[in-house]
Number of protein chains: 2
Amino acid sequence: MDTFKEITNTIHGIDNNIMQKAKQRLRDQAKPAGSLGMLEDVSARLAGIAGTLDVRLNNKVIVTCAGDHGIVDEGVTLFPQEVTQQMVYNFVNAGASINVLARHAGASVKVADLGVNHDFDPALPIFHKKVCKGTANFAKEPAMTRNEAIKSVKNGIDIVDELFKEGPVDILGTGDMGIANTTPSSAIIAAFSGIQVQELTGRGTGIDDDMLKHKIRVIEDALKMHQPDLTDPIDVLSKVGGAEIGGLAGLVIGAAMHGIPVVCDGLISTAGALIGCELVPEAKEYLFASHRSLEAGHRFMHERLGLEPLLDLRMRLGEGTGSALAMELLDASTRVLCDIKTFEEVAIKDKNL
Amino acid sequence: MDTFKEITNTIHGIDNNIMQKAKQRLRDQAKPAGSLGMLEDVSARLAGIAGTLDVRLNNKVIVTCAGDHGIVDEGVTLFPQEVTQQMVYNFVNAGASINVLARHAGASVKVADLGVNHDFDPALPIFHKKVCKGTANFAKEPAMTRNEAIKSVKNGIDIVDELFKEGPVDILGTGDMGIANTTPSSAIIAAFSGIQVQELTGRGTGIDDDMLKHKIRVIEDALKMHQPDLTDPIDVLSKVGGAEIGGLAGLVIGAAMHGIPVVCDGLISTAGALIGCELVPEAKEYLFASHRSLEAGHRFMHERLGLEPLLDLRMRLGEGTGSALAMELLDASTRVLCDIKTFEEVAIKDKNL
């Protein structure tokens, strides 16, 4: 835990002076004040992060973290565990949803194995950051050891460091792949919020009423058994979390350490962001919520993080698909800030007509 | 009115067979069924409109219709009428919000004068489609004559015809400029819906409580005086509408006639779309709602049109800014449909690994 306290001190924080200048420019533009709504809000914060009004999000990277979950044995999902590894190959072959939407957004996709129950060829072009071959079944024992949980977060931070060694990154998006991973994600927000499990547990890939009831019971029982300590995010992550969720927490912390914005995707990515911001609260300033998913627990995560998602398209796919779409809006917001002329600039132009 | 009945017969309607095929492909893709939510819904409809699963929205055009409003004399807005013409020049000089967001979306912007109270140089590169130099003050007399109202709609249709003569258009976006034009727009949805004026009247460019109360009273009194016939959309348009609103109705009808999708922007553009679809109900199949604006009346328009907006970013700018942003999502949805691999396609690929 000391590691994360030290990190807190290394985060610069965003430039409030630039953010105020951005807000002033937005007010001065030839349009009714505030009329571009959330685009204006996010553009000012992006300027504060970049330390300049001339924000450029040219280098966009989405990191999709994959991991397996022992809780799958409890019958909480429709798909078999093997789908996680198959989808990793699908990502590498660029045929998956995230590849398609990232391409549209002009973002590259990087895949990271944090805890898939499969041995990937070391030559496979992914981040090899495995901390376990799938978590343990947290209906029976803690999902991970405390050390595995810490390592999963550190591995996420390392991924960002390695990305920066490869080249410039202007914005990071997070995404997930892991069969059964809405179950730990719902457990995490239940642990932090204290809200009834049935209020924040959804159908994941599309389970029916009976399976949903069962999934709720599994989470309730696990929380009773493990009694995760909500003042200790690593305790929550290790007992009812997952390796990719730890990796996703690390990505958010890493982005803040490098002073770049990070946009989180759906329920699982936001669970990771929540762990990240509970560990390093300063990371929150760099974090954007891409969308509100159909998963019931998602809005409680956004509430706890104090974030308003940009999109609400009834999506529930994960992989980073929401991050990709939101990156286009964030990119558009930077053009709003820089390129829309002020009343003064327009007046000057009018004289030249 | 006969003109519009004839048009109805010329609209082909969308290809339901292709739309079903699109839905089947979306279900077969390697992702939980329906997990891309609204993106899947709109992509299937875009395929039905295009008559192919391989939808390409390469040529995007936004038409911003401008007009002035005599109702400005009643003190319903913060800006003077001259701003309408100034903003037309700003659009032509590419410094306005719509230019910036259209550029981001890869769309071109065309400006049309339907009723600005200013004589533009005929050489100015805009569509010169003026039907009046500003409408009359509808607190005292009908905004337009019946002939002017019909002409404004026809001019909108003509604009689409002329665009197609210039080159291919794959998707059309609508936008508006006109000081005081939230007032006629609110009056139009009040007339059609019968909902209390205070329920659906908003602050436009940002008026205070007193001005809002006054604006509501102005609309209520005008509706009482004119008693627009809601079974006769031209009657509504002429009595409490505006020339650019008629043009926006024509754009929607014209897009349907040419068999291309059309996305409408905020309160004013949607008021135009409403008039268009009341005149030619078949046009509705081609229509997409870009966003839900802060204006109270907007959601009642969407309800009447049976449309769910893609975005909800607290915007209230107009010009076509919402259309530009939504075009990026619609474009992304076409990539979803075409490019995400099916489970079968992925399995084949796995064998080749």
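Naming: A, B, ... by sequence-line order, numbering from 1 per chain.
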Next on the checklist: Looking only at heavy atoms and a cut-off of under 4.5 Å, which of B:Ser35, B:Gly37, B:Pro32 has the most pairs with chain A?
Outcome noted: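 Greatest number of close heavy-atom pairs with chain A: B:Ser35.
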Checklist entry - What residue, out of B:Arg335, B:Arg103, B:His104, has the most heavy-atom pairs lying under 4.5 Å from chain A? => result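 Between B:Arg335, B:Arg103, B:His104, the count favours B:His104.
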Checklist entry - Salt-bridged, A:Lys215 to A:Asp210, with N to O below 4.0 Å? => result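 Salt bridge: no.
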Identify which part of [X] has an atom lying under 4.5 Å from any heavy atom of chain B, answering side chain, backbone, both or neither.
X: A:Leu329; result: side chain
X: A:Ala105; result: neither
X: A:Ser97; result: both
X: A:Leu36; result: both
X: A:Asp331; result: both
X: A:Glu40; result: neither
X: A:Leu325; result: side chain

Please classify the contact of [X] with chain A as side chain, backbone, both or neither, using a heavy-atom distance under 4.5 Å.
X: B:Thr205; answer: both
X: B:Leu310; answer: both
X: B:Ala94; answer: neither
X: B:Gln29; answer: neither

Next on the checklist: Quick one, A:Met327 with A:Ile62, criterion side chain to side chain contact (heavy atoms under 4.5 Å, CB included). Give me CA distance, side-chain angles, the key distance, then yes/no.
Outcome noted: CA-CA 10 Å; A:Met327 275 182 175; A:Ile62 291 167; 3.8 Å; yes
Exercise: do [X] and [Y] side chains pair donor with acceptor under 3.5 Å:
X: A:Gln85; Y: A:Asn117; answer: no
X: A:Thr174; Y: A:Asp265; answer: no
X: A:Asn59; Y: A:Asp170; answer: yes

Item to check | Geometric class of the B:His118/B:Phe120 ring pair [parallel <30°, tilted 30-60°, perpendicular >60°] | outcome: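 Rings of B:Phe120 and B:His118: perpendicular, over 60°.
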A side-chain contact here means heavy atoms from C-beta on lying under 4.5 Å apart; do [X] and [Y] qualify?
X: A:Thr84; Y: A:Phe79; result: no
X: A:Met211; Y: A:Asp208; result: yes
X: B:Leu124; Y: B:Val92; result: yes

